[in-house]
Amino acid sequence: MTESAPLDAQPSFADLLDDERLVRALADVGYESPSPIQAEAIPPLLAGHDIIGMAQTGTGKTAAFALPILSGIDVTNPHTQAMVLAPTRELALQVAEAFASYAKHLPGLNVVPVYGGAGYTEQLAALRKGAHVVVGTPGRVIDHLERGRLDLTTISYLVLDEADEMLKMGFADDVERILRDTPTTKQVALFSATMPSTIRRLASQYLTDPVEVKVHAKTVTAKNVRQRWLLVPHFRKLDALARFLEVEPHEGVIVFVRTKQVTEELAEQLRAYGHTAQAINGDLVQAQRERAVNALKNGSLDILVATDVAARGLDVDRVSHVVNYDIPHDPEAYVHRIGRTGRAGRSGDAVLFVTPRERRLLGVIERTTGQPVTPMDIPTAEQVNARRVEQFEEAITDALATKDVHMFRGLVSKYAESTGVDPIDVAAALAVRAHEGRSFLLEAKDDIVLSERDRGRDRADRSERPERPQRPTPDGMAVYRLAVGKRQRVTPKSIMGALANEGGLGRADFGNISIRFDHSLVELPDPLPSGTESKLSRTRIGGELIQLERDRGARRSGSSSAPRHAGGGRSWDNKGPVRSARTPRRRKG
Ligand code: AMP
């Protein structure tokens, strides 16, 4: 394999962070190397500087401030040590979740999200237990301050996340009011996608000698690569990719994702759709990587699902398409990715999947590469079906031309004569048998439609609010709510284990399981077998009562009333796939 020059040497997480427990947690979530904003922001933050970070969603900015904060928290001190202000409750929840996942190996570290539109009781209880890190929206933070439930006089870190959005949403006075309650000794990090004068003014007033970090991008042109993008809700990405691969004639394809875990999960999902797909990531030894790349070269493999690190320098003429399934962290990574196609003087195609809240990053990519990326639509059921019919016809023509159909012809004709059945019905029956287990045509009602708001907006957290489920809860089942979630580190396995052992439920009783930050939603039989509820009334997971109850619909964190699903019964969460009870286990390697 010909390797082109590697990218500039990047630091590893272990180079940036002293705390091995954080490095381990990052490996657990599958990050292979720091994103540019992380490489730039972590060292000055660890050195105690205030920073202004110009970065938007998708760049990895959350970890850029969360990791230095986590490495400075003293878990034995119960007081609040870090406050993160975010414009929306969705962002607050996401940031809290990110903190919790990076703090996986820091026992006793508490992260509490506080946001408006939700009851006070749970938030107060959580704050009373001691919150090392509080992540909240300005209005609700002020409510808690005024009720004396939150004390910010002890904090060492303050983060203003998406500061431009906060000001745009009219939180300027609230932010200043909160800042007044904090000690002058604290370290401040301000992140903003844009730097209007209002943000500059805020920074000059509340930050001390800040270091400015932003992602620099080198511009490289890839003129022989056609660049397109499509807008897709996060949880329909797999379906959109499957449709794209069906209607778009292609040879080799490299699908880029962010984490090792997703390379493996997506490769497996694509195999389930009938593609030849393999994952390559930083865990593979050189020989395995070469085997995969050679398979892509000689055509025995069509799809490689790769992380940026694993695909560095990959040079395969046969790659007709690069799919940016997860948006890259910066324009430079984008340029590097799309350079994997259009090799050896051929033309290539690059497609970028953009979720509604990542729209701004698309603009940055277009501006820095100086090349237009044209929008395309997600293939509709009609287009997919037209392609399937075409292939069906091709398969018949091909078999008639190249295979010996003599023997079967005799059998069919004998059957038709002896039964009087029309030979066309016989052919149709055989086609049904050939497609058994799969529905041949998609239905228009399953098309991926975006709301006007998602289409039109520049950026919006609200769009990532969990959507209504794609498939309704199966008959005979209902969605139940458990008062434990990611915060208690529950997993689908621990939920199934507890409910099966203590409630007497069997494997077949479980539908999808969706684990949210502070609760979980589980599909269970409706009604539950008698006695199950009382048996489970004292059940705990992670030390907390599960408080099993029928889910009463959207509330609290803006969650929908049921676990969400993508095509094929897979269940997905905001940050990627979450294994449902019915999803097969990920294969290793
Ligand atoms: P953010 O810009 O903080 O919203 O992060 C965007 C996405 O990138 C999130 O899904 C993160 O989990 C993911 N992410 C952050 N840092 C890394 C990294 N170093 N490698 C891979 N994925 C990352």
Side-chain angles (χ1 to χ4, degrees), residues 7 10-17 22-23 25-42 53-70 84 86-88 90-104 135 159 161-162 165 189 191-193 213-215 234-235 237 256-263 265-266 281-283 305-312 324-334 337 353-362 364-365 459-461 463-464 486 517 572-578:
L7 291 182
Q10 277 179 316
S12 67
F13 280 117
D15 294 333
L16 294 179
L17 300 161
L22 291 176
V23 177
L26 294 168
D28 291 346
V29 292
Y31 298 179
E32 291 190 320
S33 58
S35 72
I37 195 76
Q38 292 160 5
E40 293 219 22
I42 292 173
M54 214 172 139
Q56 36 271 309
T57 299
T59 52
K61 66 182 166 62
T62 314
F65 61 76
L67 294 167
I69 290 178
L70 287 171
V84 181
T88 64
E90 282 75 25
L91 184 64
L93 274 164
Q94 275 176 31
V95 170
E97 276 184 29
F99 263 97
S101 65
Y102 308 144
K104 186 175 168 202
V135 185
V159 179
D161 195 11
E162 303 202 351
E165 286 296 314
F191 280 86
S192 191
V213 292
K214 61 176 167 201
V215 182
H234 197 295
F235 70 107
K237 278 163 89 171
F256 281 95
V257 299
R258 283 203 181 109
T259 65
K260 291 182 219 177
Q261 278 87 339
V262 178
T263 58
E265 275 162 1
L266 187 58
N281 57 51
D283 279 354
V305 185
T307 54
D308 290 283
V309 172
R312 248 176 231 174
N324 290 276
Y325 187 79
D326 288 334
I327 199 164
H329 285 304
D330 66 335
E332 199 176 338
Y334 174 78
R337 286 177 175 190
F353 281 32
V354 180
T355 64
R357 58 166 307 179
E358 292 165 345
R359 287 282 284 275
R360 186 173 260 151
L361 213 53
L362 167 72
V364 177
I365 286 171
R459 167 208 172 282
D461 295 323
S463 66
E464 290 270 47
K486 289 184 186 161
F517 184 74
W572 292 67
D573 206 345
N574 262 359
K575 303 254 165 185
V578 165

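Start at 1 with the first residue, then count along the sequence. Counting convention: from 1, in listed order, for ligands and their atoms alike.
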(request) Run the contact test for Q94 against ligand 1 with a 4.0 Å cut-off on heavy atoms, strictly below, and give the result. (result) no

(message) So which atom in H329 and which in P36 form the shortest heavy-atom distance, rounded to 0.1 Å?
(response) CB-CD, 4.3 Å

(request) Return yes or no for this condition: an N or O of Q38 is under 3.5 Å from an N or O of ligand 1. (result) yes

(request) Assess S33 for proximity to ligand 1: is some non-hydrogen atom of it under 4.0 Å away? (result) yes

(message) Strictly distance-based, threshold 3.5 Å: is any side-chain N or O of T62 a donor or acceptor partner for the main-chain N or O of V95?
(response) no

(message) K61 and side-chain contact (heavy atoms from CB on, under 4.5 Å): which single residue from E162, M54, Q38 fits?
(response) E162

(request) Could you go through the side-chain contact (heavy atoms from CB on, under 4.5 Å) check for F353 and D326 one step at a time? (result) CA-CA 7 Å; F353 281 32; D326 288 334; over 6 Å; no

(request) Taking only heavy atoms of S35 into account, list the atoms of ligand 1 that are under 4.0 Å away from them. (result) 19 (N)

(request) Run down the list Y102, Y31, F13 and name the one with the heavy atom closest to atom 22 (N) of ligand 1. (result) Y31

(message) Tell me every residue that passes side chain to side chain donor-acceptor pair (under 3.5 Å) with D15, counting only those two or more places apart in sequence or in another chain.
(response) S12

(message) Regarding E358 and K237, does a basic nitrogen lie under 4.0 Å from an acidic carboxylate oxygen?
(response) no

(message) Checking the N or O distance criterion of under 3.5 Å, is ligand 1 in contact with A63?
(response) no

(request) Output the list of atoms in ligand 1 that are nearer than 4.0 Å to some heavy atom of T62, sorted by atom number. (result) 1 (P), 3 (O), 4 (O)

